[in-house]
Amino acid sequence: MHACVVHGAGDLRVEERPYAGPAPGEIAVAVALGGICGSDLHYYHRGRVGDFAVSEPMVLGHEVVGHVAALGPGVDGPAAPATGTAVAIHPATPCGVCPECARGRRNICAHTRYLGSAAHTPHVQGGFAQFITVPADQIRPLPPGLSLRRAVLAEPLSVALHAVRRAGEVRGKRVLVTGAGPIGCLVVAALRHGGATEIVVSDLHDEPLRIATEVGATATVRADRAGDPAWAGVFDVAVEASGAPAGLRSCVERVRRGGTVVMLGLLPPGEIGLLGNVAVTRELELRGAFRFDTEFDEALSLLGQGLPVEPVVTHTFPLERSVAAFDTAQDRTVASKVLLDLSDGRGGSPTEGT
Ligand SMILES: [Zn+2]
Ligand SMILES: [Zn+2]
């Protein structure tokens, strides 16, 4: 089978990889679509994400959907999905026994295995491949009527839902979102769903702001235009989704006294500047948000119910053109979520239903 493999910084190849079929307890999925994430781009361009460095060839991708291709030994019974069932894949396997898992904070389990991640060695191979095998409990059949093209947003939407959950109650609130990339825009959709009345989004580029408006932002503002009237007033909640220290500064400066800042964008490694005294004297709540857990099922359900997120997907490339897809995804002036189509050239595989 073919797969999109990172070998190191700047070295991304579509190459032949072995496919062994599912082991006991696993399900094999014929992957149809995969979404390129910011972390995939980091692995490609820098050979690392934060402290996680690529030390061996790794298949990228953790936002994948497809069809059940085969069930491994022991996967049976009425709950086992039939071959050909359209499914999404929950990318995380927490350990289940550490203190965080025991406290119900499975998303911050230090031992989690996450698809397409170099956090551990050997790395966990990802899903930008024509087939992937995963433990059966990571498989989620799609709700009736949900297309693969919408379902492929379940992972980033889960990240957004988790960040909004970390913010506490957002109903009736005025919220700032810094950064209108795919995650920032999905945070907007999640805030809208959560009942936020005003959602102001900032970014350095016009195209991401246009998409943010399409998914529910009530106002947008260019981050480099300090005098823009959209900045006026204070915000009850701010969600930092740019990963830039300047975005965090905006959140800390503009959230109300006693307000909440959710830190979602992955900041540069090492120390960064912080308006610490502002956070102290205004009693701000600074909360990290990382990945998600049960929000994945909520995301699939919301996508099945028609949550408006389509504008976030801007491009689709065949697997063989992965390098072009990654280069396009890097250009924030034109691209938001870029998909890889992995169903190509695999004659005889099940096709998408209605
Ligand atoms: Zn992702
Ligand atoms: Zn754990």
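Just so you know, these numbers come straight off a predicted model, no measurement behind them.
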Under 6.0 Å from the ring centre and within 45 degrees of the ring axis: does the NZ or CZ of R174 meet both conditions for the six-membered ring of F235?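 That pair qualifies as a cation-pi contact.
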Using the side chain to side chain contact (heavy atoms under 4.5 Å, CB included) definition, which of the options R210, R222, R332 pairs with D203?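 Exactly one option meets the side chain to side chain contact (heavy atoms under 4.5 Å, CB included) with D203, and it is R332.
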Smallest separation among heavy atoms of [X] and [Y], with atom names:
X    : Y    : value
F317 : T328 : CZ-OG1, 3.3 Å
L71  : P22  : C-CG, 3.8 Å
I183 : A160 : O-CB, 4.4 Å
A69  : T83  : O-CG2, 3.6 Å
L342 : A129 : CD2-N, 3.3 Å
S202 : W231 : CB-CH2, 3.5 Å

If only atom types and distance count, is the side chain of [X] paired as donor or acceptor with the main-chain N or O of [Y] below 3.5 Å?
X    : Y    : value
R48  : G50  : yes
R106 : R103 : no
Q125 : V59  : yes
T121 : H123 : no
H7   : V54  : no
D341 : L319 : no
Y114 : A119 : no
E26  : A23  : yes
S336 : T314 : no

Notebook entry, point to check: With a cut-off of 6.0 Å (strictly less than), are more than 12 heavy atoms of other residues, nucleotides or ligands near NE2 of H42?
Noted result: no
Q. Would one find more than 12 heavy atoms of other residues, nucleotides or ligands at under 6.0 Å from atom CD of E271?
A.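 No - once you tally the heavy atoms of other residues, nucleotides and ligands closer than 6.0 Å, there are 12 at most.
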Sub-4.5 Å side-chain heavy-atom contact between [X] and [Y]:
X    : Y    : answer
P94  : C101 : yes
V261 : L248 : yes
H2   : R17  : no
R166 : M263 : no
I89  : I132 : yes
R321 : V14  : no
V187 : V175 : no
L340 : I36  : yes

Cluster overlap [X] with [Y], hydrophobic side-chain contacts below 4.5 Å:
X    : Y    : answer
I27  : V124 : yes
L204 : L176 : no
I199 : L157 : yes
L286 : V262 : no
V200 : V177 : no

Checking R113 now: which residues fulfil side-chain hydrogen bond (donor to acceptor under 3.5 Å, both in side chains) with it, not counting sequence neighbours?
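R113: no side-chain hydrogen bond (donor to acceptor under 3.5 Å, both in side chains) contacts found.
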R282 vs E253, salt bridge (charged side-chain N to carboxylate O under 4.0 Å, His left out): CA-CA, chis, key distance, verdict:
CA-CA 10 Å; R282 296 184 191 169; E253 277 180 329; over 6 Å; no
Between [X] and [Y], a side-chain donor and acceptor under 3.5 Å:
X    : Y    : value
T316 : R149 : yes
T93  : Q138 : yes
Q305 : H193 : no

Is it the case that the ring center of H90 lies less than 6.0 angstrom away from the ring center of F292?
yes
Next on the checklist: Pair R150, E310 - check salt bridge (charged side-chain N to carboxylate O under 4.0 Å, His left out), show working.
Outcome noted: CA-CA 7 Å; R150 283 172 57 76; E310 286 83 358; 2.5 Å; yes
Do NZ/NE/NH1/NH2 and the carboxylate oxygens of [X] and [Y] come within less than 4.0 Å?
X    : Y    : result
K173 : E169 : no
E240 : R249 : no
R257 : E283 : no

task = Could I get the full list of ring-ring contact (aromatic ring centres under 6.0 Å, His included) partners for H162, not counting sequence neighbours?
result =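 Scan of H162 (ring-ring contact (aromatic ring centres under 6.0 Å, His included), adjacent residues dropped) gives none.
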CG of D293 to CD of E100, rounded to nearest 0.5 Å, is 13.0 Å
